[in-house]
K.L.:
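Encoded as structure tokens, here's the structure I'll be asking about.
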Amino acid sequence: MRKTYAYNSIIIGVLVGLLAWASTENVVLGVLACVGVSIVGFVIIRIIEKAIGKGVDAAADAAAKAYRKHKEQNGDKK
């Protein structure tokens, strides 16, 4: 299981909710902002993390393939 930074969106959501509440003095708007930013931020961060993970895996596979091809061409000399 990989480490995820998506849970940081909850903290950001709480801060945005507090900001919305402080600027409008409307608790409902603050709670909606908190929940909305937390959920949307979590989903967006997870999508970005998965895309980066796929890219890293593809790069590692390409490097391993290139290394194997190089070793085959040189006859496995040491």
Side-chain angles (χ1 to χ4, degrees):
M1 185 172 185
R2 293 182 176 170
K3 183 178 181 179
T4 181
Y5 293 98
Y7 297 110
N8 293 337
S9 67
I10 296 171
I11 297 168
I12 295 168
V14 169
L15 294 175
V16 169
L18 284 171
L19 180 66
W21 171 68
S23 63
T24 63
E25 295 182 6
N26 188 346
V27 175
V28 175
L29 187 62
V31 170
L32 287 175
C34 175
V35 172
V37 170
S38 295
I39 292 172
V40 171
F42 186 90
V43 170
I44 289 172
I45 292 172
R46 286 298 295 155
I47 289 171
I48 291 170
E49 286 177 343
K50 286 182 182 181
I52 290 171
K54 285 182 183 179
V56 169
D57 290 341
D61 290 342
K65 184 178 177 182
Y67 181 72
R68 270 187 266 120
K69 184 177 177 183
H70 176 74
K71 287 299 249 181
E72 289 172 0
Q73 286 178 350
N74 290 337
D76 231 53
K77 297 178 185 175
K78 284 191 174 186

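The analysis underlying the following values was restricted to heavy atoms, covering all of them including side chains, and did not include hydrogens, waters or symmetry mates. The model shown is predicted, which means the values in this text are computed figures rather than measured ones.
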K.L.:
Can you give me the closest heavy-atom contact between Phe42 and Ser9, atom names plus distance?
P.N.:
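That closest heavy-atom pairing would be N-OG, 3.2 Å.
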
K.L.:
Mind checking the CG-NZ spacing from Asp57 to Lys54? Nearest 0.5 Å is all I need.
P.N.:
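Between Asp57 CG and Lys54 NZ, I get 10.0 Å after rounding to 0.5 Å.
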
K.L.:
Are Ile45 and Tyr7 linked, directly or through other ILVMFWY residues, by side chains that come within less than 4.5 angstrom of each other?
P.N.:
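No, Ile45 does not connect to Tyr7 through the hydrophobic network.
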
K.L.:
Has the side chain of Glu49 got a donor or acceptor atom that lies under 3.5 Å from a matching backbone atom of Tyr5?
P.N.:
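Yes: the side chain of Glu49 pairs with the backbone of Tyr5.
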
K.L.:
Would you give the length of the straight line joining atom CD1 of Ile39 to atom CD1 of Ile44, rounded to the nearest 0.5 angstrom?
P.N.:
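The distance works out to 12.0 Å.
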
K.L.:
Hydrophobic cluster membership, with links at side-chain heavy-atom distances under 4.5 Å among I/L/V/M/F/W/Y: are Leu29 and Leu19 in one?
P.N.:
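They do not share one cluster, since no chain of ILVMFWY contacts under 4.5 Å joins Leu29 to Leu19.
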
K.L.:
Would you compute the distance between atom NZ of Lys65 and atom CZ of Arg68 and round it to the nearest 0.5 angstrom?
P.N.:
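Nearest 0.5 Å value for the NZ-CZ distance: 8.0 Å.
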
K.L.:
Please name the pair of heavy atoms, one in Ala33 and one in Gly17, separated by the smallest distance, quoted to 0.1 Å.
P.N.:
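Answer, listing the atom of Ala33 first, then Gly17: CB-CA, 4.2 Å.
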
K.L.:
Could you list the residues that satisfy side chain to side chain contact (heavy atoms under 4.5 Å, CB included) with Val43, not counting sequence neighbours?
P.N.:
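Testing Val43 for side chain to side chain contact (heavy atoms under 4.5 Å, CB included), a comparison that skips the adjacent residues, returns Ile47.
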
K.L.:
Please say yes or no: joined through hydrophobic side-chain contacts below 4.5 Å, possibly via intermediate residues, are Leu18 and Val27 part of one cluster?
P.N.:
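They do share one cluster, since a chain of ILVMFWY contacts under 4.5 Å joins Leu18 to Val27.
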
K.L.:
Could Glu72 and Lys69 be called an ion pair, given the rule that one side-chain N must be under 4.0 Å from one carboxylate O?
P.N.:
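No, no charged N to carboxylate O under 4.0 Å.
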
K.L.:
What distance separates Leu15 CG from Ser38 OG, expressed to the nearest 0.5 Å?
P.N.:
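The OG atom of Ser38 is 9.5 Å from CG of Leu15, to the nearest 0.5 Å.
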
K.L.:
State yes or no: do Val40 and Ile48 share one hydrophobic cluster built from I, L, V, M, F, W and Y residues joined by side-chain heavy-atom distances below 4.5 Å, directly or via other members?
P.N.:
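Yes, because Val40 and Ile48 connect within a single hydrophobic cluster, where side-chain heavy atoms sit under 4.5 Å apart.
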
K.L.:
Indicate, with yes or no, if Val37 and Val28 share a hydrophobic cluster defined by side-chain heavy-atom contacts under 4.5 Å among Ile, Leu, Val, Met, Phe, Trp and Tyr.
P.N.:
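Result: no, two separate clusters.
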
